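Here the structure is a predicted model, which is why all the values come from computation and not from measurement.
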Amino acid sequence: MHLRKTILATALLATPLFANAKLSQSDIKQFAAQADLKFGVVDNFHDNDGGYIGKIQLKNTSKVALPKGESNWQLYFHSIRKVKTPEVKGIAIEHVNGDLHRLVPTKSFAGLAVGETLALEYEAAAYIVSYSDVMPRAFISLDNKDAEVFASTDTEDLKQFVLPIVEERQLKKFNTPKDLSVIADAQNRHALNIKNEKYTPSQEDALKRIIPKPLDVDFSRGEVTLSSDWVVSYQGSLKQEVNVLLDDLSKLYGLKLEASADHISVGKKPHLSLKVDNAIQNGDAESYHLEIDKNKITVVGSDNAGVFYGLQSLLALFPADGNGSVELPRVEIKDSPRFSYRGMHYDNARNFHGKDAMFKLVEQMAKYKLNTLHWHFSDDEGWRLEIPSLPELAEIGGVRCFDLSEDSCLLTQLGTGPHKDGSGNGYLTKDDFVELLKFAAARHIKIIPEVESPGHARASIKAMEARYRKLMKAGDEVGAKAYLLSDPEDKSKYITVQNYTDNSINACMDSSYNFMEKVTYELQQMYREAGVRLENLHFGGDEVGAGSWTNSPACQKMFEEAGNGVAGPADLKPYFTQRVAKMLAKRGIAPGAWEDGLMYDRVNTFNREEFPNPVFTANAWDNIWEWGVADRAYRLANNDYQVVLSHGTHLYFDHPYEAHPEERGYYWATRFISNEKAFGYMPDNVYANADFTRTGEVIKNLEDLVGRPLPQLEKPENILGMQGQVWSETIRTEDQVLAMLFPRVLAVAERAWYKAPWEGEKPDAQKRAKDWMTFSAALGTKELAKLAKSGVKANLDVPGGEVNKGTLTTSVATAYLDVEYSVDQGKSWQTYQQPVNVGDTQVWLRSSLNDHVKSRITTIN
């Protein structure tokens, strides 16, 4: 009997180690809450530039053991790189779709006892060099149903669940070819910063620097005090511009000015006079004259937009801390824009950042004279606008969660996790969008919506499939098929750059075009309700998965029909483009597409004569010089497409500010895009921007690198302008997206409005450095603070510094930005004033705008 009790007791004690093969919901809830899950990169040098070794480390600090062998649990994680290893240590690694992968225990799994650690190394595509490459909110589920997020990964502090990235084989993308990127640190930042310090202007001159720089500025002696004693006298047609001005003056500067139309005399009161005269600046659109004199400020525009921009230049002269009254320099300015198209592209399809983020972006774009918002509201990972007649688009396409059937939401992606309240979910209601359109129109900003098609369309495809299933269940077969975007019998196999296998709208089904027209109609109605016109609709067209439609019965039927211009899969992209373009032409809307959506191959554009649209815009983005397609901007313009320069190497603001693992963003086009690099973009000569290859090698002969003649621009009138881009795969919150955008948006505004004298085939480096430092000083003295005042926490440059014989010297790329240092690992901070003795202790540095806006910390050992 005693022996039997001993055996029973031993068995009971052993039970928690490897219990029954099945876990309960309470088990996984406890396990997810207490276990420590981490991810890491082991070796980017594993397979030249074709793959890396990654690591999943699961430490069982819970009181629940994972049982041996097959079981009912699955561990889901987000990986932007497709994992190649099928199984390791008895754990199968399966690719679900997009970035979603899962771990599934097999018969040979040894289990994970309490206190043990499971380390899985695997091979995946490409490389990882940044913490932001790893997505948060991994989760565990039972029988692919109920799921619990690992608490250790449920954070935006990525270093909490990403193993340290410190070794060269982690910091560099590959070793063959050699990755020549210089990883930023305090010392090399300092060396770069001090090269430009000699060009730093005085703070007085920095306060006078307007961004974007006007064509002609003539400062007089003396200043003018603008207070609430002043009044505004305006031409009657300018009431909208006056309302925006009065709101800004009151909200930001505590100035409450009375305003009246100019038929009412202002007497001898100091006043601001606003008029339109279409003869100024030769009648060029959006031009203005601004004169600030002793008791009168005059703004005359060639049109209403010109008056608005003259007012923005007036506000640009305000100090950031003005309150109740401001001192302004006396000045005369004559100004016109460089380009008619000055834009920002904003993707919140990948991750939705909330309504306020959009309004803040539009508000700041207007202050810096940008006039076009290209809104990328639909993609594989989300649809972000309510379409009243197709509610599934927002209700299902606007939300990601853990529903493998995708009847209630899209498949979770990009760190959202399993729950509908996870990061990145949401959409604008119709009323929200109408409000945004009105807000933008009052600030002379046009919004171009983008309905991604035929590729990058998984959100709309899955929403319409859910609609199909719902209506079929209700017995409405006609309604179910009306807007279906996929052929149920399609057996085509493909995988996209983002690892999707089902994101191409079927170009052979009439219901696909019914969908495009229905959405276009709904958009037009929203614009009309807002009192504006939908002038341009972007339909994407890019990155259609190779192999799409090859085994679709609907397409096979088309291939067999004579006379329709479609003989095989290669004809389908131009066919889709033609049908959409003709539909838009009938509605008076100009179509737009990304450059690769308008190309038969690397060098030949679609036949422009096939499209009836007077304007057809093309965003030229792919200027990876060694890939040999950076000449597409000129090929498209020469073939009568209207080109918007959108180049990845200088204008993609989802890229890091510097080469450092703690910087957020992708880096496929270039390792980093600093404020200075964006500022240095030269839109009048695309080839002159060829500086480095993706490996970091200096480009000395572009034609030799490409290996063929580069076409010259024959029709410059077809270059409409330029825009910055932000894609949001790694950007999940409002603060994150605004920090990625600002202050780089200001550099786009500068180059789109003003052509600098240093620009050219061989730019004048000294003049550029001097111009950059005046721009930088304006950021540091007023613009960053103004952004903060408007609720935008802009990114601050990380300082540089060195300790020489115990003496600390620091610098920062943004002139006049404060630098703080700490010698007690961040317990206390002091503002750096001059070289200071710190001995041999470790020094922490950060730049500082105010108590709430700081840069990332860097250290000097």
- Show your working on side-chain contact (heavy atoms from CB on, under 4.5 Å) between E450 and F377 and close with a plain yes or no. CA-CA 6 Å; E450 181 174 351; F377 74 83; 5.5 Å; no

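- Relative orientation of the H345 and W727 rings is tilted, given thresholds of 30° and 60° on the angle between their planes.
- Atom CD of E609 has 12 or fewer heavy atoms from other residues, nucleotides or ligands within 6.0 Å.
- In summary, R632 and D596 do not engage in a salt bridge, as defined by a charged side-chain N under 4.0 Å from a carboxylate O.
- Closest heavy-atom contact between W383 and S378: CE3-CB, 3.4 Å.
- Looking at heavy atoms from C-beta onward, F539 lies out of side-chain contact with V451 at the 4.5 angstrom threshold.
- The aromatic rings of Y681 and H650 are tilted relative to each other, their planes meeting at an angle between 30° and 60°.
- A ring pair (Phe, Tyr, Trp, His ring centres under 6.0 Å) with H655 is found for one member of F672, Y666, W668 and no other, namely W668.
- Screening residues 566-576 for side chain to side chain donor-acceptor pair (under 3.5 Å) gives Y575-R579 as the qualifying pairs, with residues at least two apart or on separate chains.
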- Item | side-chain contact (heavy atoms from CB on, under 4.5 Å) assessment of S302 paired with Q281 | CA-CA 7 Å; S302 61; Q281 295 295 98; 5.8 Å; no

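- Tested against Y346 for a side-chain hydrogen bond (donor to acceptor under 3.5 Å, both in side chains), the candidates H376, H353, Q725 yield a single pass: H353.
- Stacking of R608 on the aromatic ring of F616 is not recorded, the 6.0 Å distance cut-off and the 45° axial limit not both being met.
- Side-chain atoms of Y288 and S313 form a donor-acceptor pair, as typed in the model, at a separation below 3.5 Å.
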- Task: Evaluate the side-chain hydrogen bond (donor to acceptor under 3.5 Å, both in side chains) criterion for residues N619 and H538: first the C-alpha distance (whole Å), next the side-chain angles of each, then the deciding distance (0.1 Å), finally the verdict.
- Result: CA-CA 10 Å; N619 291 87; H538 204 285; 2.8 Å; yes

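- Aromatic ring pairs are classed by plane angle as parallel below 30°, tilted from 30° to 60° and perpendicular above 60°; the pair F576 and Y513 is tilted.
- In this structure, Y634 and Y687 have perpendicular ring planes: the angle between them is above 60°, well past the 30° mark.
- Between A633 and A620, the shortest heavy-atom distance links the atoms CB-CB, 3.6 Å.
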Which pairs of donor and acceptor atoms, one on a side chain in residues 434-446, lie under 3.5 Å apart (sequence neighbours left out)?
from: E435; atom 1: OE1; to: K355; atom 2: NZ; distance (Å): 2.8
from: R443; atom 1: NH1; to: F439; atom 2: O; distance (Å): 3.0
from: H444; atom 1: NE2; to: E241; atom 2: OE2; distance (Å): 2.7

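- Between R708 and D631 there is a salt bridge, since a side-chain N of the basic residue sits under 4.0 Å from a carboxylate O of the acidic one.
- Residues S460 and F515 come closest through the heavy atom pair CB-CZ, 3.8 Å.
- Residues R694 and E626 approach most closely at N-OE2, 2.8 Å, considering heavy atoms.
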- Item | CA sep, side-chain torsions, deciding dist, call: R744, Y652, side-chain contact (heavy atoms from CB on, under 4.5 Å) | CA-CA 10 Å; R744 290 185 288 197; Y652 265 48; over 6 Å; no

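- With W753 as the fixed residue, the ring pair (Phe, Tyr, Trp, His ring centres under 6.0 Å) test singles out one of Y341, Y368, Y309: Y309.
- Here the side chains of E595 and D542 are not in contact, with every heavy-atom distance at 4.5 Å or above.
- By the 6.0 Å and 45° rule, R342 does not stack over the aromatic ring of F339.
- When all heavy atoms are compared, the tightest approach of V544 to G541 is CG2-O, 4.0 Å.
- The neighbour count for Y600 OH, taken as heavy atoms of other residues, nucleotides or ligands under 6.0 Å away, is above 12.
- With sequence neighbours left out, the salt bridge (Lys or Arg N to Asp or Glu O under 4.0 Å) criterion links R350 to D347, D379, E381, E729.
- Using a 4.0 Å cut-off between charged nitrogen and carboxylate oxygen, E759 and R768 do not count as a salt-bridge pair.
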- Task: Given side-chain hydrogen bond (donor to acceptor under 3.5 Å, both in side chains), test T649 with K677 step by step and report yes or no.
- Result: CA-CA 9 Å; T649 59; K677 181 165 184 174; 5.6 Å; no

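- Side chains of T496 and E543: no donor on one and acceptor on the other come within 3.5 Å.
- Contact check on R338 versus E286 returns no salt bridge, with no Lys/Arg side-chain nitrogen under 4.0 Å from an Asp/Glu carboxylate oxygen.
- Checking N685 against E761 by side-chain atom types alone, no donor-acceptor pair falls below 3.5 Å.
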- Message: Before you tell me yes or no, could you show the steps for T693 and L705 under side-chain contact (heavy atoms from CB on, under 4.5 Å), namely the whole-Å CA-CA distance, both residues' side-chain angles and the distance that decides it to 0.1 Å?
- Response: CA-CA 9 Å; T693 67; L705 181 68; 4.2 Å; yes

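- Separation of atoms CE (M358) and CH2 (W375) is listed at 4.5 Å; rounding is to 0.5 Å.
- Closest approach of L215 to D335, counting heavy atoms only: N-OD1, 3.0 Å.
- Ring geometry for F433 versus Y527: interplanar angle over 60°, hence perpendicular rather than tilted (30 to 60°).
- In this structure, L598 and T605 have side chains that are not in contact, with every pair of non-hydrogen atoms separated by 4.5 Å or more.
- Between R209 and E783, none of the side-chain N atoms (NZ, or NE/NH1/NH2) sits under 4.0 Å from a carboxylate O, so this pair counts as no salt bridge.
- The aromatic rings of W625 and H647 are tilted relative to each other, their planes meeting at an angle between 30° and 60°.
- In this structure, F352 has its ring center no closer than 6.0 Å to that of Y427.
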